[in-house]
Asks: 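Quick one: the structure is below, and I'll ask about it shortly.
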Amino acid sequence: MLKRALEGVLTEQEASELYSAFDQIGDILIVRIPDSLLSKKKVIGETLLQSVHPARSVFYQATPVEGDFRTRNLEVIAGEDNTETEYKEYGCRFKVDVEKAFFSPRLSTERDRIAGLIQDGEVVINMFGGVGMFSIIAAKKKRCTVYNIDLNPYASKLCEENIRLNKKLKGTVISINGDAAQVVREQLQNMGDRTLMLLPERSDEFLDSAISATKSGGIIHYYSHQHADKRQDAAELSKQHYLQVTNVKSEIVGGRMVRAVGPHYYQTVVDAKITK
Ligand code: SAM
């Protein structure tokens with residue numbers, strides 16, 4: 001779609017150098033542009049602003065997602081320099097800030113999968129909950145209680161706003177700002193029927209906290225990154241990795257390759273039922 005919109009603006013050779021995907025989040029477009037085309041970023045931005053609807057702003061993603069808060073630096077290349085927008089998914093409304101707090105539209109299938117697994121009455125501990133995407137979609141579908149923890153104050157504040165925006169939830173979402181390990185230790189030990197660990201770079205470091213948060217018989221959704229020659233091997237490799245690093249009796253009840261995050265590099269999830 002990005003390449004098609006730019007036909008006539010870039011040569012065929014240039015178009016083939018452009019990354020084939022861009023993210024549309026509400027009326028914001030985010031593009032990654034290879035160094036060889038950076039001199040044309042303004043014309044790329046203006047063309048996208050005219051040809052994609054709805055579009056209010058086009059940003060060039062200058063850095064990968066990085067740091068504790070998993071955020072990225074964005075530079076406006078067309079339209080308004082405003083990184084806040086509203087995004088809709090599965091009948092829920094979300095206020096997001098695509099620069100100040102982590103947000104990815106590419107996790108929507110996984111959000112739906114998790115909401116489908118949750119049973120009415122469950123307590124869910126979302127250790128790295130961001131602006132509340134997984135938590136609010138779960139509470140829209142199920143009568144559950146979700147603790148949405150995040151270290152980034154902007155993410156926790158947006159989560160509170162998103163709870164207010166979505167009035168017809170079956171369940172309850174509670175936004176807690178702080179370090180997940182500390183919050184679990186002080187408030188949530190053995191409370192979770194289910195614990196989500198969507199900080200794949202640091203899952204091993206937080207696994208003891210996730211185990212501590214989860215009741216015996218509860219489920220941990222352990223996300224990680226795996227190198228694999230073939231995409232179909234990634235889920236199995238992550239299962240083997242989890243079984244090596246966990247120190248609790250675990251039955252693997254599910255899991256999948258969530259998305260590719262680089263060449264031969266995948267984000268994966270293991271669903272582990274633990275017995276303490
Ligand atoms: N689950 C959310 C989503 O899918 O939109 C966010 C996932 S994002 C990959 C990871 C989140 O973990 C970020 O919002 C970051 O601020 C948060 N984070 C990083 N370190 C943390 C910690 N020690 N305790 C709690 N949250 C943390």
Side-chain angles (χ1 to χ4, degrees), residues 23 25-26 28 30 61 63-73 83-90 92-115 117-118 124-140 146-163 165-166 173-188 192 194-210 212-213 220-225 256 258-259 261-262 265-269:
D23 284 332
I25 302 160
I28 289 181
I30 301 177
Q61 181 170 331
T63 65
V65 169
E66 59 191 5
D68 271 354
F69 296 165
R70 311 311 297 149
T71 49
R72 55 196 161 182
N73 289 330
T83 50
E84 269 186 15
T85 189
E86 192 174 303
Y87 173 82
K88 295 197 177 103
E89 194 176 283
Y90 300 117
C92 300
R93 292 168 63 196
F94 296 97
K95 185 169 167 187
V96 299
D97 186 314
V98 294
E99 187 167 52
K100 295 201 182 91
F102 175 91
F103 172 74
S104 174
R106 297 177 189 212
L107 291 167
S108 87
T109 305
E110 181 61 8
R111 292 192 264 268
D112 190 43
R113 188 185 80 94
I114 295 290
L117 292 172
I118 292 170
V124 180
I125 300 184
N126 190 357
M127 290 176 73
F128 312 105
V131 302
M133 301 294 303
F134 277 78
S135 306
I136 289 170
I137 290 171
K140 172 88 179 176
V146 191
Y147 292 93
N148 191 94
I149 309 166
D150 205 282
L151 190 62
N152 179 352
Y154 278 112
S156 298
K157 193 175 143 288
L158 285 168
C159 180
E160 282 161 29
E161 287 190 39
N162 289 332
I163 295 166
L165 267 180
N166 291 280
V173 180
I174 300 151
S175 172
I176 303 178
N177 181 243
D179 166 55
Q182 189 181 346
V183 172
V184 166
R185 198 166 49 245
E186 292 175 357
Q187 307 178 39
L188 299 173
R194 190 178 295 277
T195 299
L196 289 172
M197 301 185 68
L198 223 162
L199 184 60
E201 300 79 3
R202 297 177 65 193
S203 283
D204 291 351
E205 196 185 318
F206 283 97
L207 185 54
D208 284 349
S209 294
S212 159
I220 294 179
H221 298 284
Y222 170 92
Y223 293 84
S224 66
H225 287 156
R256 62 189 279 263
V258 178
R259 56 177 177 160
V261 288
Y265 200 41
Y266 301 94
Q267 183 174 347
T268 55
V269 57

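Whatever order the structure lists ligands and atoms in, that order sets their numbers, starting from 1. Nothing here was measured: the structure is a model prediction, and the numbers come from that model.
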Asks: For ligand 1, which atoms, with element, lie under 4.0 Å from some heavy atom of Gly129?
Replies: 1 (N), 2 (C)
Asks: Within the 4.0 Å heavy-atom shell around Leu199, which atoms of ligand 1 are there?
Replies: 10 (C), 19 (C), 20 (N)
Asks: Just checking, is any N or O donor in the side chain of Asp97 or Thr83 under 3.5 Å from an acceptor N or O on the other one?
Replies: yes
Asks: Is Phe69 atom CZ crowded by more than 12 heavy atoms from other residues, nucleotides or ligands, each under 6.0 Å away?
Replies: yes
Asks: Quick check: Arg70 and ligand 1, any N/O pair under 3.5 Å apart?
Replies: no
Asks: When you look for heavy atoms under 4.0 Å from ligand 1, do you find them on the side chain of Ala155, its backbone, both, or neither?
Replies: neither
Asks: Say whether, by atom type as modelled, one donor and one acceptor occur between the side chain of Arg194 and the main chain of Leu117 under 3.5 angstrom.
Replies: yes
Asks: Would you indicate which of Leu107, Ile114, Asn152, Leu151 comes nearest to atom 21 (C) of ligand 1 when only heavy atoms are counted?
Replies: Leu151
Asks: Where does Asp179 meet ligand 1, judged by heavy-atom distances below 4.0 Å: at the side chain, the backbone, both, or neither?
Replies: both
Asks: Compare all side-chain heavy atoms of Arg113 with those of Val269 and state whether any distance is below 4.5 angstrom.
Replies: yes
Asks: Tell me, which protein residue and heavy-atom name are nearest atom 5 (O) of ligand 1, and how many Å apart are they?
Replies: Phe102 CD2, 3.6 Å
Asks: For Met127, take its heavy atoms, then give the atoms of ligand 1 lying under 4.0 Å from any of them.
Replies: 25 (C), 26 (N)
Asks: Pick, from Asp150, Val184, Asn126, the option with the minimum heavy-atom distance to atom 11 (C) of ligand 1.
Replies: Asp150
Asks: Testing the 3.5 Å rule here: is there a donor-acceptor pair between the side chains of Glu110 and Tyr223?
Replies: yes
Asks: Could you check atom 19 (C) of ligand 1 against the protein and tell me its nearest heavy-atom contact, residue, atom and distance included?
Replies: Asp68 O, 2.9 Å
Asks: Regarding Glu160 and Lys157, does a basic nitrogen lie under 4.0 Å from an acidic carboxylate oxygen?
Replies: no
Asks: Quick check on contacts: which atoms of ligand 1 are under 4.0 angstrom from a heavy atom of Ala180?
Replies: 22 (C), 24 (N), 25 (C)
Asks: Is it true that Asp179 and Arg185 make a salt bridge, defined as a side-chain N closer than 4.0 Å to a carboxylate O?
Replies: no
Asks: Going through the distances and angles, do Tyr87 and Phe103 end up as a ring-ring contact (aromatic ring centres under 6.0 Å, His included)?
Replies: CA-CA 10 Å; Tyr87 173 82; Phe103 172 74; 4.8 Å; yes
Asks: Under the side chain to side chain donor-acceptor pair (under 3.5 Å) test against Tyr222, which residue among Asp204, Thr195, Thr268 passes?
Replies: Asp204
Asks: Which one of Phe103, Tyr223, Phe128, Phe134 has a non-hydrogen atom at the shortest distance from atom 4 (O) of ligand 1?
Replies: Phe134
Asks: Which protein non-hydrogen atom lies closest to atom 7 (C) of ligand 1, naming both residue and atom, and how far is it?
Replies: Leu198 O, 3.4 Å
Asks: Under 4.0 Å from a heavy atom of Phe206: give me the atoms of ligand 1 that qualify, with their elements.
Replies: 23 (N)
Asks: What atoms in ligand 1 come closer than 4.0 Å to a heavy atom of Gly178?
Replies: 24 (N), 25 (C)
Asks: Write down the atom of Ala180, the atom of Ile149, and the distance for their closest heavy-atom approach.
Replies: CA-CG2, 3.9 Å
